Amino acid sequence: MHGMQGVRGSIPLSSTILRRYSMAVAYNFNEIDKKWQEFWEKEGIFRAVPDKDKSKYYLLEMFPYPSGKIHMGHVRNYSIGDVIARYKKMCGFNVLHPMGFDAFGQPAENAAIKNQSDPKIWTNQCIDWMKEELKKMGFSYDWQRELSTCDPDYYKWNQWIFLKMMEKGLVYKKKSLVNWCPKCETTLANEEVINGGCWRCKEIVEQKELEQWFIKITEYKEKLLDDLKELKNWPTQVLTMQENWIGKSQGCEIYFKVKDSSEIINVFTTRPDTIFGATYVVLACEHPLVKKLIKNAPEEKEILEFIAKVEKESKIVRQASDVKKEGKFIGAYAINPVNNEAVPIWIADYVLMEYGTGAIMAVPTHDQRDFLFAKEHNLPMRIVIRNPNDQIQNPKNMIQAYEGGGVQVNSGQFDGIPNQEAKTKIAEWIQNNSMGKITTHWRLRDWLISRQRYWGTPIPIINCKKCGTVPVAYDNLPVVLPENVKFTGTGGSPLNQAKDFVNVDCPKCKQAATRETDTMATFFDSSWYFLRFCSPNYINDPFDKEEAKYWMTVDQYIGGIEHAVLHLLYSRFFTKFFQDLGMVSFAEPFNRLLTQGMVLKEGEVMSKSRGNIVDPDGIIKQYGADVLRVFILFAAPPEMELDWSDKGMEGIVRFLNRVWRLIDEQRSLDRARDESVQPSETGQIHELTRKLHLTIKEVTSAFEKDYKFNTAISATMELVNQIYQIPEVQRKNKTVKDAVEKLVLLLSPFASHVCEEMWQMLGHSKSIFLETWPEFDEAKIKTSTVNIAVQINGKLRANIDVPADASETEVREIALSDLKVKECIKDAQLKKFIFVPNKLVNIVI
RNA sequence: GGGCAAGUGGUGGAAUGGCAUACACGAAGGACUUAAAAUCCUUUGGCCGUAAGGUCGUGAGGGUUCGACUCCCUCCUUGCCCACCA
């Protein structure tokens with residue numbers, strides 16, 4: 001799933017390693033990291049076992065694509081998850097925190113072509129490397145639950161789910177276009193099409209029609225939309241993006257008769273209020289009527305050439321903004337049903353067959369794309385909605401389309417009506433007079449899962465000349481990928497060459513038949529892995545219903561914002577499907593969602609092609625895992641973009657060194673500490689208690705509320721600074737020792753290794769993660785007086801001390817008697833007195 | 001083209017209607033040291049002023065409010081996603 005920020009290869013050394021002077025970490029992090037990683041593993045501290053007596057907490061981070069190297073995006077994602085998992089454990093929850101690998105996909109196959117290797121061996125090697133790095137970060141995973149989607153024990157269930165979907169009528173085959181390189185004879189991903197050419201050989205990419213497998217996700221469109229309301233703990237931006245993606249819109253189909261013909265063009269529009277301004281009609285090149293209408297027309301040959309050209313262009317090129325919209329008049333006219341006007345029929349590359357009905361009515365005055373097209377081809381225009389802010393009467397004077405609101409003009413009986421109102425009225429009038437019908441349009445398309453690739457789950461289908469498409473029997477799953485396949489990069493899917501795989505007997509008629517060679521898109525694999533983690537070795541079903549009942553739903557899911565639509569939508573769809581199968585009792589898989597921002601360097605995304613990758617492994621070698629974890633959480637709030645800086649990390653080294661010295665000091669004080677001779681509580685010590693409770697409150701609220709770990713960490717820094725303000729003799733005080741102990745507890749989710757070590761140094765024998773999270777006391781935070789601001793006409797003029805929770809009358813008296821305030825007011829009239837308890841007052845004069 | 005975000009000191013960021021710049025980095029000066037590192041102390045938004053203090057200031061412009069980084073409108077810039085990368 002992750003994989004954007006670079007794969008194994010020539011990774012430049014971090015500049016940090018090359019810098020001559022760098023801050024030294026005060027403790028032996030190599031030894032400490034290793035010691036505690038082994039301890040956690042050996043003691044099984046983070047192993048998850050169902051326990052009915054304990055509340056469960058399922059924390060999941062999006063699993064990675066095994067590129068071989070972890071990148072800063074992974075470090076960020078998994079550090080955020082890890083601190084939450086450790087915190088929840090300390091709060092007494094039974095935590096499930098698993099990790100696995102989204103192991104199918106194109107990079108393995110591309111590597112196979114390049115090195116003549118086996119994608120399986122390559123992938124497993126990458127998984128080993130990556131696991132090693134993840135372990136070095138000290139993340140609290142239950143490795144016993146590790147899974148890999150390229151394992152037949154996993155992808156067997158992809159096939160099982162596919163067949164179940166087929167049983168429920170959710171699977172079908174349809175012709176669909178793919179990017180095709182005629183030289184390599186292979187399908188290409190959008191990202192492999194570079195400036196319209198093949199990434200490998202630069203040949204111009206064509207569009208080719210292939211029979212492909214689709215999943216009817218559209219059957220679930222209403223539920224997918226409605227249930228978004230239930231997702232109260234999802235970021236609103238993700239909800240909005242999903243809502244737009246599903247794209248429910250009320251619109252209208254309008255029937256245009258073709259002049260001197262019995263044919264009818266059905267156009268779809270969301271703007272029926274502009275129908276009187278429709279001055280031409282545009283069909284997609286693939287529209288079935290086009291070939292009929294141009295038959296025997298004088299321009300037929302020219303038009304066919306144009307269509308052939310457009311069909312070769314990739315979808316990306318067709319929708320790109322910088323390309324000039326091209327089109328051709330096809331010599332026929334259509335009748336606008338509302339005013340019986342004959343308007344020309346055009347074809348153009350910017351109208352897509354997949355959207356709406358593949359035909360549009362063009363209103364150049366009120367749609368910018370139509371406007372540009374009409375200007376380019378000198379087509380007529382008519383204003384039908386009056387822009388209240390300008391007086392343009394003649395459409396020739398318009399410099400762009402007016403897409404805003406206003407009253408109807410040139411619209412027959414609807415003139416003078418606001419267009420929002422006219423939208424419904426016109427649609428109803430059209431429907432009542434059989435000129436069209438009101439429809440609901442959805443933007444969501446069915447999901448194309450076919451890939452003409454080797455390294456994916458084989459689609460469990462046998463194609464028989466006699467019986468058609470025959471599903472593989474459940475008992476015969478998994479359909480295992482054949483080995484010893486040649487990877488040439490040409491000639492279609494490598495599976496076609498695997499004769500033993502392809503040639504089989506039809507399960508129905510036992511005659512010779514062929515196996516389907518398309519594999520599944522990897523999004524299929526990742527749409528249900530969160531359920532598999534509940535029982536990763538279960539053999540009777542994709543997952544054990546009882547285990548899933550205990551662990552699901554995922555309490556906190558964390559991953560990149562780039563998955564806001566696709567992965568998250570597919571996972572929601574699968575869950576609803578499992579609900580309909582009676583396998584789960586809930587409709588939504590992820591209770592709370594956190595989408596973390598990208599990791600940048602100097603304002604640019606870290607990527608191999610930019611050559612600005614900072615390798616986490618180098619940072620771990622130089623500073624240890626804790627420094628990296630704390631820094632990446634400190635540098636920015638989780639959902640924001642994070643600008644990497646090598647320098648900033650030295651601040652964290654300094655900070656952890658300061659904490660280490662405090663603990664070291666307390667340890668030596670412990671030896672000499674005399675309980676009976678406690679230094680007396682000074683004001684500073686009293687203040688420290690208050691600060692401690694404030695800090696506990698702040699850090700706890702970061703975990704419970706907004707995950708602002710950057711400010712949580714800065715709060716612990718302030719606490720440390722305050723402890724250092726206390727003279728060394730006073731630090732013998734038990735209150736200081738208590739504060740230091742609590743500090744270590746507060747920091748342990750972040751700097752886990754060194755905190756375990758420090759906890760031991762402070763004389764504890766049990767793992768810090770088996771301790772209880774500290775609680776704060778609101779009474780200890782309260783003070784007797786507060787300092788509040790005095791504003792005069794909104795400008796800060798003075799600060800005054802008032803008793804905490806003082807009344808307005810009291811504060812007013814103190815404020816008005818303040819010398820500075822008096823001087824500012826002089827003899828001006830007091831108009832208003834604004835009072836915000838414990839914060840400020842504003843005197844308006 | 002569509003959708004979603006973000007814009008605050010030299011830098012990362014803090015403050016979500018109430019004292020703008022917490023915390024950290026960097027920089028400058030000082031203490032310690034034979035020296036360096038480490039550590040500790042001081043200063044650090046702009047402008048005016050010796051100072052007290054004043055004044056401007058959160059991408060630009062407008063609006064709402066006693067009060068706006070925060071809410072509303074218009075615009076600019078940057079980043080991310082858009083169905084075969086994952």
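Remember, it's a predicted structure, so these values are computed and weren't measured experimentally. Lettering follows sequence order; numbering is per chain, from 1. We use all heavy atoms of the structure for the numbers below, so side chains are in, but hydrogens, waters and symmetry mates are not.
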Enquirer: Out of A/Tyr154, A/Tyr570, A/Phe573, which one pairs with A/Trp528 under the ring pair (Phe, Tyr, Trp, His ring centres under 6.0 Å) rule?
Expert: A/Tyr154

Enquirer: Tell me yes or no: between the side chains of A/Arg453 and A/Gln106, is some donor less than 3.5 Å from an acceptor?
Expert: yes

Enquirer: Using whole Å, report how far CH2 of A/Trp245 lies from P of B/C80.
Expert: 17 Å

Enquirer: Applying side chain to side chain donor-acceptor pair (under 3.5 Å) between A/Ser450 and each of A/Thr519, A/Thr517, A/Asp518, report the one that passes.
Expert: A/Asp518

Enquirer: Would you compute the distance between atom OG of A/Ser527 and atom CE of A/Met520 and round it to the nearest 0.5 angstrom?
Expert: 11.0 Å

Enquirer: Need one value for A/Glu639: base, sugar-phosphate or nothing, where a base atom within 4.0 Å counts as base even if backbone is also close, heavy atoms only.
Expert: nothing

Enquirer: Taking the same atom, P, in B/G7 and in B/U16, what whole-Å distance lies between them?
Expert: 14 Å

Enquirer: Please work out if A/Ala521 contacts a base, only the sugar-phosphate, or nothing of the nucleic acid, heavy-atom cut-off 4.0 Å.
Expert: nothing

Enquirer: Side chain of A/Lys832 only, please: which of B/C84, B/C81, B/C66 is the nearest?
Expert: B/C66

Enquirer: Could you state the NE2-C1' distance from A/His567 to B/C81, rounded to the nearest angstrom?
Expert: 15 Å

Enquirer: Take atom CD of A/Glu109 and atom P of B/C84, then tell me their distance rounded to the nearest Å.
Expert: 16 Å

Enquirer: To the side chain of A/Gln725, which of B/A5, B/C84, B/C41 is closest?
Expert: B/C41

Enquirer: Kindly express the pairing pattern of RNA chain B in dot-bracket notation, using | wherever a base pairs with another strand and counting only Watson-Crick or G-U pairs under 3.5 Å.
Expert: (((((((..(((.....[....)))((((((.......))))))((((....))))..(((((..]....))))))))))))....

Enquirer: I want to verify the glycosidic state of B/G9; is it syn or anti under the 90° rule?
Expert: syn

Enquirer: Rounded to the nearest Å, what distance is computed from the NZ atom of residue A/Lys705 to the P atom of nucleotide B/U16?
Expert: 10 Å

Enquirer: Can you check whether A/Ile217 reaches A/Leu569 side chain to side chain, under 4.5 Å on heavy atoms?
Expert: yes

Enquirer: With C1' as the reference atom in both, quote the distance from B/G9 to B/C41 in angstrom, rounded to an integer.
Expert: 23 Å

Enquirer: Determine the interatomic distance between P on B/G49 and the same-named atom on B/A60; round to the nearest Å.
Expert: 26 Å

Enquirer: Expressed in whole Å, how much space separates the P atoms belonging to B/C48 and B/C71?
Expert: 35 Å

Enquirer: Select one nucleotide: of B/G54, B/A14, B/C81, the one nearest the side-chain heavy atoms of A/Pro637.
Expert: B/A14

Enquirer: Please report, rounded to the nearest Å, how far the C1' atom of B/C84 is from the CG atom of A/Asp525.
Expert: 14 Å

Enquirer: Please classify the nucleic acid contact of A/Glu243 as base, sugar-phosphate, or nothing, using heavy-atom distances under 4.0 Å.
Expert: nothing

Enquirer: Find the distance A/Phe373:CZ to B/G1:P and express it as a whole number of Å.
Expert: 17 Å

Enquirer: When you compare B/C32 with B/U78, how far apart are their C1' atoms, in angstrom units rounded to a whole number?
Expert: 47 Å

Enquirer: On RNA chain B, check which nucleotide each of A/Arg661 and A/Leu642 is closest to and give me the residue with the more 5' one.
Expert: A/Leu642

Enquirer: Send over the distance from A/Trp644 CH2 to B/U11 C1', rounded to a whole Å.
Expert: 15 Å

Enquirer: Using the C1' atom on both, measure B/C23 against B/G18 and round to a whole Å.
Expert: 22 Å

Enquirer: Is a side-chain donor or acceptor of A/Asp446 paired with a backbone partner of A/Thr218 at a separation under 3.5 angstrom?
Expert: yes

Enquirer: So if I apply the ring pair (Phe, Tyr, Trp, His ring centres under 6.0 Å) rule between A/Phe574 and each of A/Phe530, A/Tyr529, A/Phe524, which one comes out positive?
Expert: A/Phe524

Enquirer: Taking the C1' atom in each of B/C69 and B/A22, what is the distance between them to the nearest angstrom?
Expert: 15 Å

Enquirer: Look at the side chain of A/Ser571 and the backbone N and O of A/Leu568, then say whether any donor-acceptor pair between them is shorter than 3.5 Å.
Expert: no

Enquirer: Quick one, give me the B/S/- string for nucleotides 17-24 of chain B, reading 5' to 3', where B means a protein heavy atom under 4.0 Å from the base and S means that only happens at the primed atoms, P, OP1 or OP2.
Expert: -BB--BBS

Enquirer: Atom NZ of A/Lys208 and atom OG of A/Ser176: how far apart are they, to the nearest 0.5 Å?
Expert: 13.0 Å

Enquirer: Would you please confirm or rule out a distance under 4.0 Å between OP1 or OP2 of B/A83 and any side-chain N or O of A/Arg445?
Expert: no

Enquirer: For B/C80, does the base pair up with any side-chain atom of A/Glu641 as donor and acceptor (N or O, under 3.5 Å, distance only)?
Expert: no

Enquirer: Do A/Gln242 and B/C4 have a side chain to base donor-acceptor pair shorter than 3.5 Å?
Expert: no

Enquirer: C1' atom, B/G61 versus B/G10: distance in rounded Å?
Expert: 28 Å

Enquirer: I'd like to know if the side chain of A/Asn842 reaches the main chain of A/Ile834, judged simply by a donor and an acceptor atom lying under 3.5 Å from each other, with no hydrogens or angles considered.
Expert: no

Enquirer: Taking A/Trp455 for the side chain and A/Ala103 for the main chain, is one N or O donor matched with an acceptor at less than 3.5 Å?
Expert: yes

Enquirer: Can you tell me the distance, in whole Å, between the CZ atom of A/Phe655 and the C1' atom of B/A38?
Expert: 18 Å

Enquirer: Side chains of A/Gln452 and A/Gln212: any donor to acceptor distance under 3.5 Å?
Expert: yes

Enquirer: For A/Lys795, which contact category applies under a 4.0 Å heavy-atom criterion: base, sugar-phosphate, or nothing?
Expert: sugar-phosphate

